Amino acid sequence: MGKNVYIENISKYIGKEVEIRGWLYNRRSSGSIIFLLIRDGTGIIQCIVSKNDVKPEIFKSAQNVTQESSLIIKGKIRKEERAIGGYELFTNNIKILQIVSDYPITPKSHGVGFLMKNRHLWLRSKRQHAILRIRAEVIKASRDYLDNNGFINIDAPILTPAACESTSTLFETKYFDQMAYLSQSGQLYNEATIMSFGKVYCYGPTFRAEKSKTRRHLMEFWMIEPEMAYFDWEDNMKLQEDYVTYIVQTVLNKRKSELHVLNRDLSKLENIKPPFPKISYDKAIDLLRKKGKDIGWGEDFGGDEETIISESFDKPVFIHHYPMQCKAFYMKPDPERPEVSLSNDLIAPEGYGEIIGGGQRVDDIKLLKKKIKEHNLPMDAFKWYLDLRKYGTVPHSGFGLGIERIVAWMCKLKHIRETIPFPRLLYRIYP
RNA sequence: UCCCCGGUAGCUCAAUUGGUAGAGCGUACGGCUGUUAACCGUUAGGUUGCAGGUUCAAGUCCUGCCCGGGGAGCCA
């Protein structure tokens, strides 16, 4: 009895004896009464150890136990307004598994460098715990939405044979007696699998060996990439709108307490419902010029431009019909206006940048060959990709959503590094 | 690759025109029966990132290097 009780369910055990297995989060004492804050992975509960009500050796244990010591504590649960979480455990026994000395992360302030060096321990703190629970919910909501809407999860390889795209820098690795590269995207493979399954998505890590050092960039990040046969660029945007709405509303419903830990303004998220504003690249240029940004037609948007655009709307905003030169070789040109593509980005509000990039793909084999040549890509490497336009080609579209970027927005974080358990950054690959 | 900023106690930071390296937190010990990053008292804790230079004297000024932070470029 009392076993397998977790703090998140503690309200079911009022008046009952339970056993909590966890770690000491903090301790306060006032002479004959000691307050132990215990965390167990699901929450934090305040435990009272009263000198007059426990055996002397139990009280002594409570005096000696230090931050992050592992322990099993037993006692009766009661409602208590004064305690964080609203419940309290009235201790009658403590079993200490390990007394910790010199835990590096104290309840006072620390700098980023120090915390990153101790990322393996930082993850135990309340804030990091909340962020990563929200991350898990974003991923779950993402998959639930797609699984419930006729998509099948077909994952793409991480080790790939050739540099499939021009400018981006790839991480190289040995593959026995040849070279291989870590995946930058599963999209090209998705384009193959939709011809078998119709609607698919892949979910996995992607790697960019770019020497970017900003709050929006990681060297290794996770992307979910849906791809759909017989979807045009407008079907594609409609799907993105529904999908992002589902993720936001699900996190809002299921992770309120975590959002509360982060002091997130919930009204900003409650507002995220269709329709999202949709503007063409041309209109976006007009908007930027109106706001005083000197930008020429054909230039891609950087962090500054994305911020200006996102701050002009209170919902995510689609920008579509980017100039061909801003996008990858496989993006389909608008038949009416071949200098622009049937592409779109989705820019998150509140100054967060691009969370989605997508578009309709080239489905004509002649045009695709031409694009591969124009981009100086090795035709041999794309033989299989060209086959997809040779054997039953169809109009198709897809997009990629950056998990860390959307989590950063949901949590309103200053830096993307807190959205992934162990971030890989330009000058940091430890721990 | 470029620009800006930083490196002083375990952590967060201070140190006037170059003039005896200091505080808070944490640790250790003690006190307190309702604490909320509790509080109060006492204690210990330092080759000021590294190397060289200027000076009677360098944490402070100069040069080089190392490490880190923010940003640009880059980024389907």
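Atom set for the values below is all heavy atoms of this structure, side chains included, hydrogens, waters and symmetry mates excluded. Note that the structure is a prediction, hence the values are computed from the model and not measured. To find a chain, count down the sequence lines: A is the first, B the second, and so on, and within it residues start at 1.
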Within [range]: residues closer than 4.0 Å to RNA chain B (heavy atoms):
| range | answer |
| --- | --- |
| residues 404-426 of chain A | A/His415, A/Arg417 |
| residues 279-287 of chain A | none |
| residues 291-312 of chain A | A/Phe301, A/Gly302 |

**Request:** Flag the pair A/Glu19 and A/Lys74 as a salt bridge only when some basic side-chain nitrogen lies within less than 4.0 angstrom of an acidic carboxylate oxygen.
**Result:** yes

**Complete:** Residue set satisfying side chain to side chain contact (heavy atoms under 4.5 Å, CB included) with A/Ser11, at least two apart, ordered chain then number -> A/Tyr87

**Request:** Would you please name every residue forming a side chain to side chain contact (heavy atoms under 4.5 Å, CB included) with A/Asp265, sequence neighbours left out?
**Result:** A/Ser267, A/Lys268

**Asked** Name the stems with RNA chain B in them: runs of three or more consecutive Watson-Crick or G-U pairs, distances under 3.5 Å?
**Response** B:1-7 with B:66-72, B:10-13 with B:22-25, B:28-31 with B:39-42, B:49-53 with B:61-65

Only distances under 3.5 Å count here; give the side-chain donor-acceptor pairs of residues 194-204 of chain A to other protein atoms, sequence neighbours excluded, each with its distance to 0.1 Å.
{"from": "A/Lys199", "atom 1": "NZ", "to": "A/Asn149", "atom 2": "O", "distance (Å)": "2.8"}
{"from": "A/Tyr201", "atom 1": "OH", "to": "A/Asp147", "atom 2": "OD1", "distance (Å)": "2.8"}

**Prompt:** Is a donor-acceptor pair below 3.5 Å formed from side chain A/Glu88 to base B/G34, judging by atom type as modelled?
**Reply:** yes

**B/G34 base / A/Arg78 side chain donor-acceptor hit below 3.5 Å** = yes

**Message:** If the condition is ring pair (Phe, Tyr, Trp, His ring centres under 6.0 Å), which residues does A/His320 pass it with, not counting sequence neighbours?
**Reply:** A/Trp233

**Non-neighbouring partners of A/Tyr145 that pass ring pair (Phe, Tyr, Trp, His ring centres under 6.0 Å), sequence neighbours left out** = A/Tyr243, A/Tyr246

**Closest to side chain of A/Asn26, choosing from B/C75, B/G34, B/A37** = B/A37

Nucleotide N/O of nucleotides 5-8 of chain B paired with protein N/O under 3.5 Å:
none

Which protein N or O atoms sit under 3.5 Å from an N or O of nucleotides 23-31 of chain B?
none

Set out, line by line, the N/O atom pairs under 3.5 Å between protein and nucleotides 66-68 of chain B.
{"from": "B/G68", "atom 1": "OP1", "to": "A/Tyr427", "atom 2": "O", "distance (Å)": "2.8"}
{"from": "B/G68", "atom 1": "O3'", "to": "A/Arg428", "atom 2": "NH2", "distance (Å)": "3.2"}

